[in-house]
Amino acid sequence: MIRAKKKFGQNFLKDESILEKIVQAMPKDDKKIVEIGPGLGDLTKRLLLHCESVTAFEIDLELCGYLRDAFSNEIENEQLELICEDILKSWSESSLYEDRYHIVANLPYYIATNLILKALDDSKCESILVMVQKEVALKFASKVGDKTFSALSILRDSISEAEILFDVGSECFDPPPKVVSSVLKLTKFSNYLDEGSKKGIFQDKKELNRFKSFLKVAFCAPRKTLKKNLGQIAKKDDLARYFEDLEIPENFRPHQLKSDKYHLLFKKIK
Ligand code: SAM
């Protein structure tokens, strides 16, 4: 019997109806599915019934041995590619996979935020359907004015739509995690990167990275006013003019400004 290892964030999803609901929410096209952390393969088995091919990354060598046996046919006929590696190492390059792909996974919670940020950054990744800790789902999906609206939410809002599909109680896992989980779906906008079309939200990756740095400054002291925070990168007089032009109240805190206004402010400041 394989025991769950805490250090790899192993909580195996055992509830059949939840597994089926995740698979039903998958994008309906024939693009490659990438699964991060197949574990004992319960989700993998269902993914293989619904899509042409899956590439799965698993860090735990004991689980890899188990998966190789359990899915020997699918591996042999190349429907399943099993990569026994730390996903963070495989993702050190800009793209995880050469073709366009979707992620479907019950993520290891200890690196979930990091993995979602990597997926948002990877232009080959078109959508992300993942089980995460509820707080993480809320952080990504929050809207302007929410207490949890942050630099991360604005970045997500600039790149993809977000939907929290449903919550999942700890009793659905073995062993049960100490937190409530949620299934989060992020669908990327087709035009968030310009790539020569002149219609994108960002001209290129460099501009996207500059926007990230801008957001870091805007939220450097979340309880101070946005104007004060931005004083680090723009002159006081210029800021006063930009705020007036864009009709942004001087006393706004960073979480009170909508993403589209952030984009306009960014254009003025850069
Ligand atoms: N997909 C399975 C399920 O739904 O039951 C397992 C999910 S479990 C929450 C997370 C899985 O991710 C485990 O199999 C764990 O070994 C794997 N994992 C943890 N860290 C990883 C990493 N850095 N790279 C690849 N896999 C990782």
Side-chain angles (χ1 to χ4, degrees), residues 1-26 32-51 53-71 74-75 79-93 95-97 101-119 121-122 125 127-137 140 165-185:
M1 204 183 87
I2 296 181
R3 279 175 179 251
K5 299 173 191 73
K6 231 178 171 176
K7 67 171 177 177
F8 292 140
Q10 291 174 357
N11 301 97
F12 302 115
L13 178 59
K14 288 292 160 198
D15 189 297
E16 302 277 334
S17 64
I18 301 291
L19 284 161
E20 194 50 39
K21 272 169 88 173
I22 294 175
V23 166
Q24 290 306 327
M26 267 167 52
K32 161 80 72 190
I33 298 292
V34 168
E35 187 187 7
I36 300 170
L40 292 168
D42 294 83
L43 180 60
T44 322
K45 200 162 54 188
R46 279 183 173 70
L47 292 176
L48 288 166
L49 291 176
H50 287 84
C51 64
S53 66
V54 175
T55 294
F57 292 83
E58 176 55 64
I59 195 171
D60 182 345
L61 297 183
E62 188 187 11
L63 282 177
C64 281
Y66 170 84
L67 291 163
R68 270 198 203 101
D69 287 343
F71 292 98
E74 291 83 353
I75 291 173
Q79 199 195 355
L80 174 64
E81 180 186 20
L82 179 63
I83 301 180
C84 296
E85 221 171 71
D86 180 345
I87 182 86
L88 292 171
K89 286 198 184 133
S90 318
W91 226 335
S92 54
E93 301 297 315
S95 193
L96 187 59
Y97 200 74
Y101 70 92
H102 303 288
I103 289 179
V104 182
N106 171 14
L107 289 181
Y109 293 0
Y110 72 109
I111 45 171
T113 297
N114 194 354
L115 291 175
I116 295 173
L117 284 172
K118 278 190 167 297
D121 223 32
D122 184 342
C125 175
S127 75
I128 305 158
L129 175 64
V130 284
M131 172 103 72
V132 290
Q133 190 173 333
K134 184 170 182 168
E135 282 70 25
V136 173
F140 278 98
L165 300 184
F166 51 89
D167 291 345
V168 182
S170 57
E171 69 284 356
C172 299
F173 300 84
D174 181 30
K178 290 201 178 76
V179 294
V180 173
S181 308
S182 300
V183 173
L184 172 72
K185 186 172 188 177

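First listed ligand is number 1; within each ligand, the first listed atom is number 1. Residue numbers count from 1 along this sequence. Because the structure is predicted, anything quoted here is derived from the model rather than measured.
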J.: List ligand 1's nitrogen or oxygen atoms that come under 3.5 Å of a protein nitrogen or oxygen, with the partner atom and distance.
T.:
| residue | atom | partner | partner atom | Å |
| --- | --- | --- | --- | --- |
| ligand 1 | 1 (N) | G37 | O | 2.7 |
| ligand 1 | 1 (N) | P38 | O | 3.4 |
| ligand 1 | 4 (O) | N106 | ND2 | 2.9 |
| ligand 1 | 5 (O) | L13 | N | 2.8 |
| ligand 1 | 14 (O) | G39 | N | 3.3 |
| ligand 1 | 14 (O) | E58 | OE1 | 2.7 |
| ligand 1 | 16 (O) | Q10 | NE2 | 2.9 |
| ligand 1 | 16 (O) | E58 | OE2 | 2.6 |
| ligand 1 | 20 (N) | Y110 | OH | 2.8 |
| ligand 1 | 23 (N) | D86 | OD1 | 2.8 |
| ligand 1 | 24 (N) | I87 | N | 2.9 |
| ligand 1 | 26 (N) | I59 | N | 3.3 |

J.: Got L165 and L129 here, is their nearest side-chain heavy-atom distance under 4.5 Å?
T.: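 The answer is yes; the side chains approach within 4.5 Å.
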J.: Which value, rounded to the nearest 0.5 Å, describes the distance between E81 atom CD and I75 atom CD1?
T.: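 Those atoms lie 10.0 Å apart.
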J.: Between L19 and V23, is any pair of side-chain heavy atoms under 4.5 Å apart?
T.: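 In short, these two side chains do not touch, never coming nearer than 4.5 Å.
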J.: Please name the pair of heavy atoms, one in A56 and one in L80, separated by the smallest distance, quoted to 0.1 Å.
T.: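 So the minimum-distance heavy-atom pair works out to CB-CD1, 4.2 Å.
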J.: Hey, what do you get for CG (L184) to CE (M131), rounding to the nearest 0.5 Å?
T.: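 The CG atom of L184 sits 11.5 Å away from the CE atom of M131.
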J.: On a heavy-atom basis, which atom in C64 and which in L82 lie closest, and how many Å separate them?
T.: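 For C64 and L82, the tightest heavy-atom pair comes out as O-CD2, 3.8 Å.
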